[in-house]
2 protein chains.
Amino acid sequence: MTDPFDIPAEPSDPQFDLSRFSPYRVALAAQLLSETLARVYRARFGLSIPDWRVMVHLSQSGRASVRDIEAKVVMEKSKVSRAAARLEGRGLIAKRQSESDKRLVDLTLTDAGQAMMDELLPLAAQFQRRIEAQLGTDFAGFDAALSRIIEAYHDSSL
Amino acid sequence: MTDPFDIPAEPSDPQFDLSRFSPYRVALAAQLLSETLARVYRARFGLSIPDWRVMVHLSQSGRASVRDIEAKVVMEKSKVSRAAARLEGRGLIAKRQSESDKRLVDLTLTDAGQAMMDELLPLAAQFQRRIEAQLGTDFAGFDAALSRIIEAYHDSSL
DNA sequence: ATAAACTTGTTGCAAATGCAACGATTTCTG
DNA sequence: CAGAAATCGTTGCATTTGCAACAAGTTTAT
């Protein structure tokens with residue numbers, strides 16, 4: 001990927017405003033949304049955000065290895081591994097060595113984990129609807145912009 | 001309990017898609033942008049992101065207390081305090097007790113710090129222009145949406 | 001067939017983080 | 001004005017994080 005600063009040079013504004021800097025604004029929005037959600041996850045389900053991401057991914061994919069999750073939800077594999085260990089300890093997921101490739105670990109939700117997600121996912125869907133309502137007509141551009149950013153910077157980073 | 005691996009794993013809520021969940025997408029975009037920038041800050045200036053935020057805020061405000069920075073850039077005060085200690089150790093900022101209120105600490109850039117920002121800020125401005133170019137017509141809605149999110153969740157969180 | 005190279009998941013370790021507690025100061029209240 | 005309450009910045013502590021190293025397993029190349 002090209003150097004982030006490698007664009008045609010122009011006279012730079014002497015006035016730089018942090019509060020208008022998009023990377024800062026995105027980080028701030030992410031932090032505020034995460035904190036709001038994390039409070040609910042933790043209070044109602046005892047889940048950290050890494051825990052939550054693993055659970056949600058498993059509820060979608062049905063079965064996944066640590067590596068699958070690492071790639072799909074963009075978390076360090078050690079973070080995934082530790083989340084999986086916690087969740088297994090709580091009986092929310094099951095871990096098994098894969099038959100086809102014994103390096104891999106198959107992760108699946110247990111019945112208890114499935115039950116938790118049946119309760120949790122509607123709340124997440126509700127939150128999503130709330131955000132879309134809050135953003136109104138700006139949501140389309142917002143979502144499109146996120147897609148662009150995620151695609152543009154995906155390979156250049158981990 | 002049933003063996004989780006006996007059952008062909010089924011997604012519990014086909015309606016919910018993590019990759020479409022806005023809080024997740026914002027967090028991912030923030031992470032990718034932060035990693036891209038953090039590489040540059042660290043490689044070229046030896047600054048972590050907390051360091052960078054403190055430096056940028058000081059270059060704007062000229063003088064600020066830990067409390068000011070905590071509020072403006074939404075970082076824990078201990079994080080600000082430690083960043084300030086690091087930066088003072090490197091001679092990039094100066095710390096002194098405030099005259100008017102002796103609980104406060106006045107933070108200012110040193111000449112060395114100012115020189116670093118004179119080199120750094122044009123790169124940041126360049127990066128901002130690059131993002132705006134990448135997002136094209138979606139940038140307006142994107143930026144408006146960020147404003148709404150930041151405002152809506154600002155008080156409900158920290 | 002076999003050694004080298006690579007992949008996967010876990011763990012040790014150092015650094016970063018969040019939170020609470022604290023001393024020092026200032027402001028509030030009666 | 002005095003005592004209580006609040007604010008500010010730092011620090012101790014436990015937890016979390018990222019990175020590198022590692023064992024176990026698989027693929028590649030000769």
Side-chain angles (χ1 to χ4, degrees), chain A residues 27 30-32 34-39 41-43 46-54 57-58 63-90 93-108 157-158, chain B residues 27 30-32 34-39 41-43 46-54 57-58 63-90 93-108 157-158:
Chain A
Q31 180 185 338
L32 295 174
S34 285
E35 284 170 354
T36 300
L37 284 171
R39 265 200 305 278
Y41 301 157
R42 185 154 15 83
L47 296 178
S48 68
I49 286 184
D51 291 348
W52 184 83
R53 287 198 186 173
V54 169
H57 182 72
L58 288 179
R63 171 175 310 196
S65 68
V66 169
R67 173 178 156 282
D68 292 336
I69 297 176
E70 176 187 10
K72 194 79 164 99
V73 301
V74 192
M75 297 198 314
E76 291 278 325
K77 61 181 178 176
S78 61
K79 215 168 171 178
V80 176
S81 176
R82 283 161 174 150
R86 275 193 300 273
L87 295 169
E88 186 189 30
R90 291 179 59 188
I93 71 171
K95 292 173 60 177
R96 242 184 220 190
Q97 190 179 50
S98 171
E99 289 293 322
S100 51
D101 184 339
K102 291 181 192 157
R103 293 171 301 182
L104 303 182
V105 175
D106 281 339
L107 304 174
T108 56
S157 68
L158 265 180
Chain B
Q31 181 186 336
L32 295 175
S34 285
E35 284 170 354
T36 300
L37 284 171
R39 265 200 305 278
Y41 302 155
R42 186 154 16 83
L47 296 178
S48 67
I49 286 184
D51 292 347
W52 184 83
R53 288 197 186 174
V54 169
H57 182 72
L58 289 179
R63 166 171 312 197
S65 68
V66 170
R67 169 89 177 73
D68 293 336
I69 297 176
E70 175 188 11
K72 286 271 195 228
V73 301
V74 193
M75 295 198 317
E76 291 279 323
K77 60 181 176 177
S78 61
K79 215 167 169 178
V80 176
S81 176
R82 283 163 175 150
R86 274 193 299 273
L87 294 169
E88 186 190 30
R90 291 180 58 188
I93 71 171
K95 292 171 60 177
R96 58 190 261 277
Q97 192 180 50
S98 169
E99 290 292 323
S100 50
D101 184 338
K102 291 180 195 157
R103 293 171 301 181
L104 302 181
V105 174
D106 281 339
L107 304 175
T108 55
S157 62
L158 226 100

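Order of the sequence lines fixes the chain letters, A, B, ..., with proteins taken first and strands second; residue numbering starts at 1 for each chain. Keep in mind it's a predicted model, so treat the numbers as computed, not measured.
Atom-to-atom, CH2 of A:Trp52 to P of D:dT16 comes out at 19 Å; the value is rounded to the nearest Å. As a whole-Å value, the separation of B:Glu70 CD from C:dT17 C1' is 15 Å. Between A:Arg67 atom CZ and C:dT7 atom P the separation is 9 Å, expressed in whole Å. When rounded to the nearest whole Å, the span between NZ of B:Lys77 and P of C:dA20 equals 11 Å. Between B:Glu76 atom CD and D:dT15 atom P there is a gap of 17 Å when expressed in whole angstrom units. We find that CG of B:Asp106 is positioned 13 Å from P of D:dC8, with the value rounded to whole Å. Whole-Å rounding puts the B:Glu35 CD to D:dT17 P distance at 14 Å. For A:Gln97 and C:dT7, the CD to P distance is 19 Å, given to the nearest whole Å.
Nucleotides of DNA chain D nearest to B:Ser65 and A:Ser100 differ in position, and the one nearer the 5' end is that of B:Ser65. A residue-by-residue look at B:Asp101 and A:Leu104 shows that A:Leu104 has its nearest nucleotide of DNA chain C further toward the 5' end. Between A:Arg42 and A:Ser81, the one whose closest nucleotide on DNA chain C sits nearer the 5' end is A:Ser81.
Of the candidate nucleotides D:dT10, D:dC19, D:dG9, D:dT10 has the atom lying nearest to any side-chain atom of B:Lys95. Looking at the side chain of A:Val105, the nearest of the listed nucleotides C:dT10, D:dG9, D:dT26 is C:dT10.
Judged by distance alone, with hydrogens and angles left aside, B:Arg82 brings a side-chain donor or acceptor within reach of the base of D:dG12, the pair sitting under 3.5 Å. Between the side chain of A:Arg96 and the base of C:dG9 there is no donor-acceptor pair of N/O atoms closer than 3.5 Å. For A:Arg103 against C:dT7, a side-chain N or O and a base N or O form a donor-acceptor pair under 3.5 Å.
Among the atoms of the strands shown, only primed sugar atoms or phosphate atoms (P, OP1, OP2) are found under 4.0 Å from some heavy atom of B:Lys102. Within 4.0 Å of B:Ser48, counting heavy atoms only, lies no atom of the nucleic acid at all.
Taking CG of B:Leu104 as the start and CD of B:Glu99 as the end, the distance is 11.5 Å to the nearest 0.5 Å. Interatomic distance, A:Arg82 CZ to A:Glu76 CD, rounded to the nearest 0.5 Å: 10.0 Å.
Listed pair A:Ser78 / D:dC19 fails the phosphate criterion, with no side-chain N or O lying under 4.0 Å from OP1 or OP2. The phosphate of C:dG18 (OP1 or OP2) has a side-chain N or O of B:Lys79 nearer than 4.0 angstrom.
Within the 4.5 Å cutoff, the side chain of B:Arg90 has heavy atoms near those of the B:Leu47 side chain.
Checking each of A:Arg96, A:Arg67, A:Lys95, A:Arg63 against A:Asp106 for a salt bridge (Lys or Arg N to Asp or Glu O under 4.0 Å) leaves exactly one that passes, namely A:Arg63.
A donor-acceptor contact closer than 3.5 angstrom is absent between the side chains of B:Asp101 and B:Ser98.
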